[in-house]
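Note that the numbering runs from 1 along the sequence shown for the chain.
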Amino acid sequence: MTPSDMTIDQIIALSASVGAFMSAIATFLTVKQMSHQRQASYLPELVLSRTIFEGIPSPIAAGPIPSHWVPKPSVESKTEVMPFFSLPLTNVGLGAAKDISVTWSFPIEQVIRQINDLAQKTLTPLYFVLEDGAVTIKSESLGGGTSFWKNQQKETLNYVLPASVQKEPAPLKIPHVYVLLTSALLFVSSKDKGSKSALSIPQLVARLDYRDIGNKAHTTVFEISLQVIAYGGDGGFIHGYLESKKCA
């Protein structure tokens, strides 16, 4: 049957059927889009907060290197032993993040070369060695010690709930090796009286792999920068902050 053979009633019925079919398709697409938006709204979203700190010589280690970092609101309790410096990790999404695996990286060999070169230039009795995943400071007058980088490159967190539920951020521990080496870099740099150029401090990179409540995998990468406000006291004092930029 051609359109010319159809009666007016048939044409009206056909048009109504086509309209209903198109309406059903539009409704299906709308519901599907709303479902995707609902699922996206309940995904976790992790952020790291900017943290101001002061660095002073460690109360549990010999030597004047300011590797004891204390968050600015807690500076009054300088005698408190805080072996790990942390950044606040907050979930600003509406869904929980679970099974969080953190992988740390930074150009450790480059930082060690910078420190050793500056120590030699300023006649500072200080030398760092990286062997078998461990960083060792060698100095008879400034104190020694070893920090195991290979044991600090990975960390795990069970979960981080949305900020509306988990009122306090989860502490994300910064690797001790990074704290030690950047503190030592500033320590020897303060003794280079002839240098007026800005000191280059490499970024620390944190890769977070985690799953949402639907068990879907996600990855977020942060570039963390150390910004120095002031340092001095013959190298034994740092005032600065860590800030992060999300890369993925």
Might you work through the side chain to side chain contact (heavy atoms under 4.5 Å, CB included) test for Leu89 and Leu46, ending with a clear yes or no? CA-CA 7 Å; Leu89 177 65; Leu46 302 178; 4.0 Å; yes
Show your reasoning for whether side chain to side chain contact (heavy atoms under 4.5 Å, CB included) applies to Glu155 and Leu172. CA-CA 9 Å; Glu155 183 183 352; Leu172 185 62; 4.0 Å; yes
Assess whether side chain to side chain contact (heavy atoms under 4.5 Å, CB included) is satisfied between Ile201 and Leu186, documenting all intermediate values. CA-CA 9 Å; Ile201 302 177; Leu186 292 168; 4.1 Å; yes
Please test Thr182 against Ile238 for side chain to side chain contact (heavy atoms under 4.5 Å, CB included), starting from the C-alpha separation and ending with a verdict. CA-CA 10 Å; Thr182 51; Ile238 304 171; over 6 Å; no
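No donor-acceptor pair under 3.5 Å is formed between the side chain of Glu131 and the backbone N or O of Thr136. No side-chain donor-acceptor contact under 3.5 Å links Gln110 to the backbone of Pro202. The closest donor-acceptor contact from the side chain of Lys246 to the backbone of Leu48 lies at 3.5 Å or more, if one exists at all. Not a single donor-acceptor pair under 3.5 Å links the side chain of Lys154 to the backbone N or O of Asn151. Between the Ser147 side chain and the Val135 main chain, no donor and acceptor come within less than 3.5 Å of each other. Between the side chain of Ser67 and the main chain of Val179, no donor-acceptor pair closer than 3.5 Å is present. For Thr51 (side chain) and Ser49 (main-chain N/O), a donor-acceptor pair under 3.5 Å exists by modelled atom type. Gln166 places no side-chain N or O within 3.5 Å of a backbone atom of Val160 that could act as its donor or acceptor partner.
What you find for Ser183 and Pro66 is that their closest heavy atoms are OG-O, 3.1 Å. Between Glu223 and Val205, the shortest heavy-atom distance links the atoms CG-CG2, 4.4 Å. Scanning both residues, Leu185 and Gln114, for their nearest heavy atoms gives CD1-CB, 3.8 Å. Nearest heavy-atom pair, Ala206 versus Val102, reported as atom, atom and distance to 0.1 Å: CB-CG1, 4.5 Å. Across all their heavy atoms, Asn116 and Leu126 have their closest contact at OD1-O, 4.4 Å.
Residues Ser86 and Lys173 bring no donor and acceptor atom of their side chains to less than 3.5 Å of each other. For Ser225 and Glu243, the side-chain atoms include no donor-acceptor pair closer than 3.5 Å.
Atoms CG and CG, on Leu204 and Leu242 in that order, are 8.0 Å from each other to the nearest 0.5 Å. We find the OG1-CD1 distance between Thr124 and Ile65 to be 9.5 Å, quoted to the nearest 0.5 Å. Separation of atoms CD1 (Ile100) and OG1 (Thr156) is listed at 9.5 Å; rounding is to 0.5 Å. To the nearest 0.5 angstrom, Leu118 atom CG is 13.0 Å from Arg113 atom CZ. Taking CD of Gln152 as the reference point, atom CD1 of Ile174 lies at 11.0 Å (rounded to 0.5 Å).
Counted within 6.0 Å of CD on Gln120, heavy atoms from surrounding residues, nucleotides or ligands total 12 or fewer; the atom is thus considered open. The 12-atom threshold is not exceeded at OH of Tyr127, counting heavy atoms of other residues, nucleotides or ligands nearer than 6.0 Å.
One hydrophobic cluster, built from ILVMFWY side chains closer than 4.5 Å, holds both Val228 and Leu180. Residues Val177 and Phe148 do not share a hydrophobic cluster, clusters being chains of Ile/Leu/Val/Met/Phe/Trp/Tyr side chains in contact below 4.5 Å.
Using a 4.5 Å cut-off on side-chain heavy atoms (C-beta onward), Ile52 and His239 make contact. Counting only heavy atoms from C-beta outward, the side chains of Leu94 and Pro162 never approach each other to under 4.5 Å.
Residue pairs meeting the side-chain hydrogen bond (donor to acceptor under 3.5 Å, both in side chains) criterion with at least one partner in residues 204-218, sequence neighbours excluded, are Arg207-Asp209, Asp209-Thr219, Tyr210-Thr220, Asp212-His218. Legend: ring pair (Phe, Tyr, Trp, His ring centres under 6.0 Å) pairs involving residues 102-125, not counting sequence neighbours, sorted by first then second residue: Phe106-Trp149, Phe106-Tyr178.
Classified by interplanar angle (parallel below 30°, tilted 30° to 60°, perpendicular above 60°), the ring pair Phe53/Trp69 is parallel.
A side-chain contact (heavy atoms from CB on, under 4.5 Å) with Pro169 is found for one member of Val47, Asn91, Leu87, Thr90 and no other, namely Thr90.
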